Amino acid sequence: HPHTHTDQPTNQPTMEYRLLGDTGKKVSVLALGCFSFGGDRPTGSHLGATFNKLHAECWGAQDDAVSIAAVRAALEAGINIFDNAEMYGDGHAEDVLGRALESLREEFPRESYMIATKISETFLAPELIEARLRASLKRLRTDYIDVYQLHWASRAGLASERYPDRPLTAEIPLEATLTKLKQLQDQGLIRHIGVCNFGPRDLATASASGVEVVSNQVCYNLLWRGIEHEVQPMCVNGIPTSDGGGGGGGGGGALHVCASGSQQCLDFGQNLFLALDLGPRSRRRLRLNLIGFTVKSRQSLVKNGPPRAQ
């Protein structure tokens, strides 16, 4: 059972845990999304100068001490998975999370929680990936990433008439990217490989690559429910292969879908995990979200799954 702090508020629901796909790992039904830790800092120049301030005025100024306190509050509440990305504050969000977890390591050892982070779409060429991964590892102050995700397929970084300053002139073959990630996984730098924002075509390509992909993190909430038509069924039921069979992301089982909502969500397999990106006053908002996420709503989501499109 994941490590949880014993000194929990009496009005806070007891945390529940679900298996992370076929990994044998149990993760909390709530995760902590770390997007807000980057605040209004530039996202970096990897999508061109136009997008250097992509997140300006998105979260407002963030106090690192408050973000670090939110990490402690999450662990004390039983949350044991954190979702991050190298582009959040151009690496600052990873640095904040790394500092927070390092400061708490005596109470919460590294094996008691999971870190998920993402590599940006511009850096998916095989010769670039390892340097980006090692930079994330350094900021996160860890020797391995539990779930290393492609933030977008490489076509999101292509220059176009609408986005002339994006850096890529051609797509990077997904198979080449995944093959390199598998090599880094074999080296022990990555425990599991995930993707984000993948539709049916990219999911099928990933499935055919032979590399096991455990998760697909996509936008999903009460207003944005497009994944119900194709993406969710493909992930949960398995992706059809050219021989007519079905499989997951190269692993022989269902590819586990993650859903990102108004406050980010993670859904591995048929279990729903909410990753809360909280913004200013993060610790207080975390407490309020945990209290508000009632046992009834948790049971409904876990037992019945998200609503199906009619």
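All residue numbers refer to positions in the sequence shown, counting from 1. These numbers were taken from a predicted model, which means no experiment stands behind them.
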Donor-acceptor pair, distance only, cut-off 3.5 Å: does the side chain of [X] make one with the backbone of [Y]?
| X | Y | result |
| --- | --- | --- |
| S207 | L203 | no |
| S28 | N80 | yes |
| N197 | W152 | no |
| Y17 | G78 | yes |
| D146 | I115 | yes |
| T177 | L124 | yes |
| R110 | Y113 | yes |

Is [X] linked to [Y] within one hydrophobic cluster, defined over Ile, Leu, Val, Met, Phe, Trp and Tyr using a side-chain heavy-atom separation of less than 4.5 Å?
| X | Y | value |
| --- | --- | --- |
| V195 | I129 | yes |
| Y144 | V211 | no |
| L184 | F123 | yes |
| L189 | L181 | yes |
| I172 | I193 | yes |

If you look only at distance, which donor and acceptor atoms sit under 3.5 Å apart when one is on a side chain in residues 92-101 and the other is two or more places apart or in another chain?
{"unit_1": "H92", "atom_1": "NE2", "unit_2": "R41", "atom_2": "NH2", "d": "3.4"}
{"unit_1": "H92", "atom_1": "NE2", "unit_2": "D64", "atom_2": "OD1", "d": "3.0"}
{"unit_1": "H92", "atom_1": "NE2", "unit_2": "D64", "atom_2": "OD2", "d": "3.2"}
{"unit_1": "E94", "atom_1": "OE1", "unit_2": "S136", "atom_2": "OG", "d": "3.2"}
{"unit_1": "E94", "atom_1": "OE1", "unit_2": "R139", "atom_2": "NE", "d": "2.8"}
{"unit_1": "E94", "atom_1": "OE1", "unit_2": "R139", "atom_2": "NH2", "d": "2.8"}
{"unit_1": "E94", "atom_1": "OE2", "unit_2": "T117", "atom_2": "OG1", "d": "2.6"}
{"unit_1": "E94", "atom_1": "OE2", "unit_2": "S136", "atom_2": "OG", "d": "3.0"}
{"unit_1": "D95", "atom_1": "OD1", "unit_2": "R141", "atom_2": "NH1", "d": "3.0"}
{"unit_1": "D95", "atom_1": "OD1", "unit_2": "R141", "atom_2": "NH2", "d": "3.4"}
{"unit_1": "D95", "atom_1": "OD2", "unit_2": "R99", "atom_2": "NE", "d": "2.9"}
{"unit_1": "D95", "atom_1": "OD2", "unit_2": "R99", "atom_2": "NH2", "d": "3.3"}
{"unit_1": "R99", "atom_1": "NH2", "unit_2": "D64", "atom_2": "OD2", "d": "3.0"}

Any heavy-atom pair between the side chains of [Y] and [X] that's under 4.5 Å?
| X | Y | answer |
| --- | --- | --- |
| Y88 | K118 | yes |
| D83 | Q149 | yes |
| K180 | E130 | yes |

Taking every non-hydrogen atom, the tightest pair across E175 and S209: CG-CB, 4.4 Å
Closest approach of V231 to G199 (non-hydrogen atoms, all atoms of both residues): CG2-CA, 4.1 Å
D202 bridged to R155 by N-O distance under 4.0 Å: yes
Residue D143 excluded, over 12 heavy atoms near CG under 6.0 Å: no
E230: side chain to side chain contact (heavy atoms under 4.5 Å, CB included) partners, not counting sequence neighbours: P200
Counterpart residues, side chain to side chain contact (heavy atoms under 4.5 Å, CB included), relative to S103 (two or more places apart): none
